[in-house]
Student: 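Before anything else, here's the structure in question.
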Number of protein chains: 2
Amino acid sequence: MATMTAAQKKAQAKAEYDAFLDVCPSRKLLDRLSDKWVVLVLAALGGDCDGTPQGMRYSELSRLLAGVSQKMLTQTLRALERDGLISRTATPTVPVTVTYELTPLGGSLYGTVRALKAWAQDHMDDVLAHRATYDASEA
Amino acid sequence: MATMTAAQKKAQAKAEYDAFLDVCPSRKLLDRLSDKWVVLVLAALGGDCDGTPQGMRYSELSRLLAGVSQKMLTQTLRALERDGLISRTATPTVPVTVTYELTPLGGSLYGTVRALKAWAQDHMDDVLAHRATYDASEA
DNA sequence: CAGTATCCAGCTAGATACTG
DNA sequence: CAGTATCTAGCTGGATACTG
């Protein structure tokens with residue numbers, strides 16, 4: 001087992017690191033937000049598309065977020081529901097009707113995300129300019 | 001080629017979607033932030049580890065962010081430098097000395113990110129509680 | 001309509017080895 | 001010290017097909 005020492009050290013370092021990440025609430029939030037579709041669903045339900053926050057049906061979301069697969073939409077919706085950020089309401093009409101909407105908690109998160117969006121709008125052209133300069137001097 | 005119609009439609013939808021993402025500055029920012037190490041590097045240089053923002057050497061970062069591979073650290077550093085969020089200073093001493101520090105732009109981004117962190121600290125236990133409730137009713 | 005289940009391609013990121 | 005280069009395992013997410 002002496003040959004495992006290096007690998008074990010690696011594994012332990014990784015375990016410690018994972019524990020650190022696991023304890024860190026910001027990291028968890030970031031992981032959620034970094035899911036490709038989470039923010040877009042938040043934006044859709046938050047009213048970024050038509051002005052006012054409102055409930056939406058599964059198929060509406062699917063249409064609005066062109067490019068999302070059923071799998072990812074369902075997965076995203078489930079994750080957000082699990083976290084209490086959106087609520088799911090099923091109405092037992094003949095073809096079932098399911099509506100999703102932002103909870104107050106989800107709304108508050110969306111508010112914070114909009115702050116990020118504001119930063120992006122204010123500073124993203126600076127970033128892009130830097131990028132262009134950097135790329136030019138690299139060539 | 002008639003058999004390609006469906007695939008073509010998909011491809012076109014994807015292209016349109018990509019174009020949408022490409023135009024959206026918030027999305028770009030989110031993509032950057034969602035890189036596992038970006039925020040941690042920002043935090044390290046922003047002074048989250050010892051109180052005051054300061055420059056750090058490559059090897060210091062590497063030690064501080066236990067678990068990061070050389071590849072990812074370099075990649076992350078390059079990306080942030082390219083975007084003008086951090087600056088790289090090489091001092092031609094005998095073994096080269098390279099220092100990284102936050103630019104004003106990087107500092108302002110880090111400030112915004114701290115707002116997210118604040119949300120996480122304020123609301124993450126709510127989220128966790130919802131998660132527990134959800135999981136319990138699922139079983 | 002609103003999903004669930006399965007399979008698989010592509011990209012990401014870690015391990016490893018080498019360099020100015 | 002501070003990287004660069006390469007190879008590959010594993011996970012993410014898309015396509016596809018089926019169901020209450």
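Below, read A as the first sequence line, B as the second, and so on, with proteins coming before strands; counting in each chain starts at 1. As the structure is a prediction and not an experimental result, all values here were calculated from the model.
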Student: For the pair made of CG in A:D31 and P in D:dC11, what is the distance, rounded to whole Å?
Tutor: 15 Å
Student: Would you kindly give the CG-to-C1' distance between B:D35 and C:dG14, to the nearest whole Å?
Tutor: 15 Å
Student: Nearest heavy-atom pair of B:Q54 and B:T52: which atoms, and what distance?
Tutor: NE2-O, 3.2 Å
Student: If each of A:G67 and A:V96 is mapped to the nucleotide of DNA chain D with the nearest heavy atom, which maps nearer the 5' terminus, i.e. the 5' end?
Tutor: A:G67
Student: Output the rounded distance in Å from CD (A:E60) to C1' (C:dC1).
Tutor: 12 Å
Student: Please report the closest heavy-atom contact between A:K117 and B:S26, naming both atoms and the distance.
Tutor: CG-OG, 3.1 Å
Student: Are OP1 or OP2 of D:dG3 and a side-chain N or O of B:Y100 less than 4.0 angstrom apart?
Tutor: yes
Student: Tell me: CE of B:M72 to P of C:dT16, nearest whole Å?
Tutor: 17 Å
Student: If you compare every side-chain N and O of A:R78 against the phosphate oxygens of C:dA2 (OP1, OP2), does one of them come in below 4.0 Å?
Tutor: no
Student: Looking only at side-chain N and O atoms, does B:K71 come under 4.0 Å of OP1 or OP2 in C:dC18?
Tutor: no
Student: Give a yes/no answer on whether the side chain of A:R57 brings an N or O atom under 4.0 Å of OP1 or OP2 in C:dA2.
Tutor: yes
Student: Give none if C:dG20 has no partner; otherwise give the nucleotide forming a Watson-Crick or G-U wobble pair with it, both distances under 3.5 Å.
Tutor: D:dC1
Student: Respond yes when some side-chain nitrogen or oxygen of A:S59 is under 4.0 Å from OP1 or OP2 of C:dA2, and no when none is.
Tutor: yes
Student: Is it true that B:T97 and B:Y58 share a donor-acceptor pair across their side chains at a distance under 3.5 Å?
Tutor: no
Student: Whole angstrom is fine here: how far is it from CH2 in B:W37 over to P in C:dT12?
Tutor: 17 Å
Student: May I have the distance from A:K36 (atom NZ) to D:dG14 (atom C1'), rounded to whole angstrom?
Tutor: 9 Å
Student: Need the pair for C:dT12. Rule: Watson-Crick or G-U wobble, both distances under 3.5 Å, any strand; none if unpaired.
Tutor: D:dA9
Student: C:dC1 P sits how many Å from A:R63 CZ, rounded?
Tutor: 8 Å
Student: Between the base of C:dA15 and the side chain of B:Q70, is there any donor-acceptor pair under 3.5 Å?
Tutor: no
Student: Could you tell me the separation between the CG atom of B:L73 and the C1' atom of D:dG3, rounded to a whole number of Å?
Tutor: 10 Å
Student: Is there a donor-acceptor contact under 3.5 Å from the side chain of A:T103 to the main chain of A:L85?
Tutor: yes
Student: Whether B:R88 contacts D:dG3 is assessed here as follows: a side-chain N or O lying under 4.0 Å from the phosphate OP1 or OP2. Is that the case?
Tutor: yes
Student: Is there a donor-acceptor contact under 3.5 Å linking the side chains of B:Y134 and A:D83?
Tutor: no
